[in-house]
Amino acid sequence: MRVLEKDYWKKIPEWKDTSRWEWEDWRWQIKNRLKSLEGIGRVIGKDLSKLKKVERVFRTGTTPYYLSLVEDFSDLENPILKQILPSCEEIDPFIQSEGNFDPFKEEILSPVPGLTHRYPDRVLFRATNFCSVYCRHCMRKRIFLEEERARTYEDYKRMFDYIRKNKNIKEVLISGGDPLTLPNRKIEFILENIQDIDHIDTVRIGTRELVVNPYRFFDEGLLEILEKNDKVWLVSHFNHPDEVTDVVKRAVKNILSTGTPVLNQTVLLRGINDDPQTIENLMRSLVKVKIKPYYLFYCDPTKGVLHFRTPIDKGIEIIEYLRGRVSGIAVPTYAVDLPGGLGKVPLQPEYIVEETEEYIIFRNFEGKTVRFNRCNFDIIENHTKNSEDLCL
Ligand SMILES: *Cc1c(COP(=O)(O)O)cnc(C)c1O
Ligand code: SF4
């Protein structure tokens, strides 16, 4: 975990006069976000005008907090800067030719605008297309092309009606954009309506605010809403150990105090986290602040994002490296989301070396092998008379 200095933002000229009271207010962070290349260029002391043509297609934006985590503004390879700053590769027709704006047919598999119903028991609820940081690798990069706006109350009511009528839906995944950029009254309206539906067991909120604006969780109003709505789980999106700060730790503590578990999904990103040591550090840091690593995703084939892709085997290599080396709690499931809306598929290193009808030979993380009989008569015979029946 990264410990930030006292008044760490004051060393950046842009915010040298910003008070603690302002900086630690999530609304100040959103109101003062840098929404253009000029703004970001001014803070990092670089002329970014050659990236204008990218910004015209895919907008830019960052909170002051997230930008302040960049250790050295002159280092354009910094993993946080790379998630904020556009690159010409985003609009390179050759690199992006294989991509799609909606690879998972979220809009097509949509019974009501804003909902995607892919699995029988879960539904995705897109509450807004606004984000306080526009991540260059976003799998919903199509929202960058739209005007920033939350859905209307009328939209939400139609979405609730659909969920109410479909009793096989057990879980609602609230996503966006970023739903926690919404004001508390709107979040409360959404959560209370969903919480009241008897057949809903779980509500999952997908948010990046914990990474880019952790002060969101210093807001007593939001914490009270989480406390009241006891079906909620929170899923964050950390991609690099530099993002896991002591401010995040305080925020997680606040969230956990409301009885809300916190999970994380990481995207495997070329040039940002695609090596085993970085992912190891990230997973260790997350567990240290009590966030459970849930998924490590292979980067989706979204147009504007393809330059971040690694070979698919990279993720398997990373999981192989983690297994046995770090706590099982810290190992996420590596998964690929199949294009066309066919769902997520987990990928694992192969631990079976050989397999016949009688036995399986496993290897462990160090490469030691063990032979297991599929039906272990020797052991069972010593314990029960009818062992053969058990093994039929
Ligand atoms: C990822 C996703 C889910 C949730 O999948 P889990 O494996 O339960 O995390 C549900 N619906 C859609 C449309 C999704 O993309
Ligand atoms: S916060 Fe999430 S939805 Fe918003 S740009 Fe980043 S990855 Fe995309």
Side-chain angles (χ1 to χ4, degrees), residues 30 33 35 58-63 66 80 82-86 90 101-111 114-146 148 150 163 166 168-182 201-214 216 233-240 243 263-267 269 272 292-300 302 304-305 308 332-347:
I30 290 190
R33 86 208 150 93
K35 290 185 284 191
F58 296 118
R59 62 170 163 256
T60 40
T62 177
T63 54
Y66 193 56
I80 287 170
K82 274 186 141 173
Q83 293 180 66
I84 302 171
L85 270 192
E90 290 176 37
F101 274 119
D102 185 8
F104 308 114
K105 300 203 171 134
E106 287 181 334
E107 305 289 350
I108 295 169
L109 298 175
S110 181
L115 287 183
T116 304
H117 196 176
R118 184 192 290 171
Y119 299 104
D121 68 324
R122 277 154 286 171
V123 71
L124 178 70
F125 185 111
R126 283 170 282 116
T128 176
N129 70 8
F130 178 89
C131 296
S132 54
V133 166
Y134 286 104
C135 315
R136 303 328 294 175
H137 60 273
C138 180
M139 59 92 88
R140 285 199 194 108
K141 214 156 173 173
R142 62 179 187 276
I143 66 172
F144 290 36
L145 311 172
E146 301 163 3
E148 289 178 309
I163 299 168
N166 286 273
N168 49 350
I169 299 176
K170 304 284 181 230
E171 177 170 350
V172 180
L173 284 79
I174 305 175
S175 179
D178 199 319
L180 293 190
T181 58
L182 292 171
D201 298 331
T202 314
V203 178
R204 205 189 302 181
I205 300 178
T207 180
R208 216 173 179 219
E209 287 297 279
L210 188 56
V211 185
V212 300
N213 191 9
R216 183 69 182 98
W233 291 53
L234 206 122
V235 183
S236 60
H237 174 176
F238 288 85
N239 290 327
H240 194 277
E243 297 168 339
L263 308 178
N264 186 67
Q265 299 180 159
T266 296
V267 183
L269 297 168
I272 293 178
K292 162 73 186 113
Y294 174 40
Y295 275 131
L296 171 65
F297 282 125
Y298 178 58
C299 184
D300 294 325
T302 302
V305 174
F308 283 120
T333 300
Y334 179 49
V336 178
D337 212 344
L338 297 183
L342 297 178
K344 297 179 180 71
V345 172
L347 291 176

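When a residue number appears, it is its place in the shown sequence, counting from 1. Note that ligands are numbered from 1 as they come in the structure, with each ligand's atoms numbered from 1 the same way.
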- [ ] Give the C-alpha distance, both sets of side-chain angles, the deciding distance and a yes or no for side chain to side chain contact (heavy atoms under 4.5 Å, CB included) between Thr60 and Tyr134.
- [x] CA-CA 6 Å; Thr60 40; Tyr134 286 104; 6.0 Å; no
Task: Evaluation steps, side chain to side chain contact (heavy atoms under 4.5 Å, CB included), between Thr181 and Arg216 - done: CA-CA 8 Å; Thr181 58; Arg216 183 69 182 98; over 6 Å; no
Task: Between CE on residue Met139 and SG on residue Cys299, distance to nearest 0.5 Å - done: 10.0 Å
TODO: May I ask you to list the atoms of ligand 1 that are less than 4.0 angstrom from any heavy atom of Tyr294?
DONE: 6 (P), 7 (O), 8 (O), 9 (O)
Open item on the list: Looking only at distances, can you tell me whether any N or O atom of Lys344, backbone or side chain, sits closer than 3.5 Å to an N or O atom of ligand 1?
Closed with: yes
Open item on the list: Determine whether a donor-acceptor pair (N or O, by modelled atom type, separation under 3.5 Å) exists between the side chain of Arg208 and the backbone of His237.
Closed with: yes
Task: Part of Val123 within contact of ligand 1 (heavy atoms, under 4.0 Å) - done: neither
Task: salt_bridge(Arg140, Glu146) N-O dist < 4.0 Å - done: no
Open item on the list: For atom 11 (N) of ligand 1, what is the closest protein heavy atom, and at what distance to 0.1 Å?
Closed with: Tyr119 CD1, 3.7 Å
TODO: Give the residue and atom name of whichever protein heavy atom lies nearest to atom 4 (C) of ligand 1, and the separation in Å to one decimal.
DONE: Leu173 CD2, 3.6 Å
- [ ] Nearest 0.5 Å please: distance from the OG1 atom of Thr266 over to the CZ atom of Phe238.
- [x] 9.0 Å
Open item on the list: Can you tell me which portion of Met139 lies within the under-4.0 Å heavy-atom range of ligand 1? Options are side chain, backbone, both, or neither.
Closed with: neither
Task: Residues Asp337 and Arg118 bridged, charged N to O under 4.0 Å - done: yes
Open item on the list: I'd like to know if Asp121 pairs up with Lys170 as an ion pair, taking the criterion as any Lys NZ or Arg NE/NH1/NH2 lying under 4.0 Å from an Asp or Glu carboxylate oxygen.
Closed with: no
Open item on the list: For Arg204, state whether at least one heavy atom is located under 4.0 Å from any atom of ligand 1.
Closed with: yes
Task: Gap separating the OH atom of Tyr66 from the CD atom of Glu243, nearest 0.5 angstrom - done: 3.5 Å
- [ ] Could you tell me the separation between the CD atom of Glu107 and the CZ atom of Arg142, rounded to the nearest 0.5 Å?
- [x] 4.0 Å
- [ ] Looking only at distances, please establish whether an N/O atom of ligand 1 is found under 3.5 Å from an N/O atom of Arg122.
- [x] yes
Task: Contact partition for Tyr295 relative to ligand 1, non-hydrogen atoms under 4.0 Å - done: side chain
Open item on the list: In this structure, does ligand 1 have an atom that sits under 4.0 Å from one of the heavy atoms of Phe104?
Closed with: no
Open item on the list: Working note: Val212 + Glu209, criterion side chain to side chain contact (heavy atoms under 4.5 Å, CB included); need CA distance, chi angles, decisive distance, verdict.
Closed with: CA-CA 5 Å; Val212 300; Glu209 287 297 279; 3.7 Å; yes
Open item on the list: Given a heavy-atom cut-off of 4.0 Å, could you list the residues near ligand 2 in chain and number order?
Closed with: Cys131, Val133, Tyr134, Cys135, Cys138, Phe144, Gly177, Arg208, His237
Task: Proximal ligand 1 atoms for Arg118, defined as those under 4.0 Å from one of its heavy atoms - done: 13 (C), 14 (C), 15 (O)
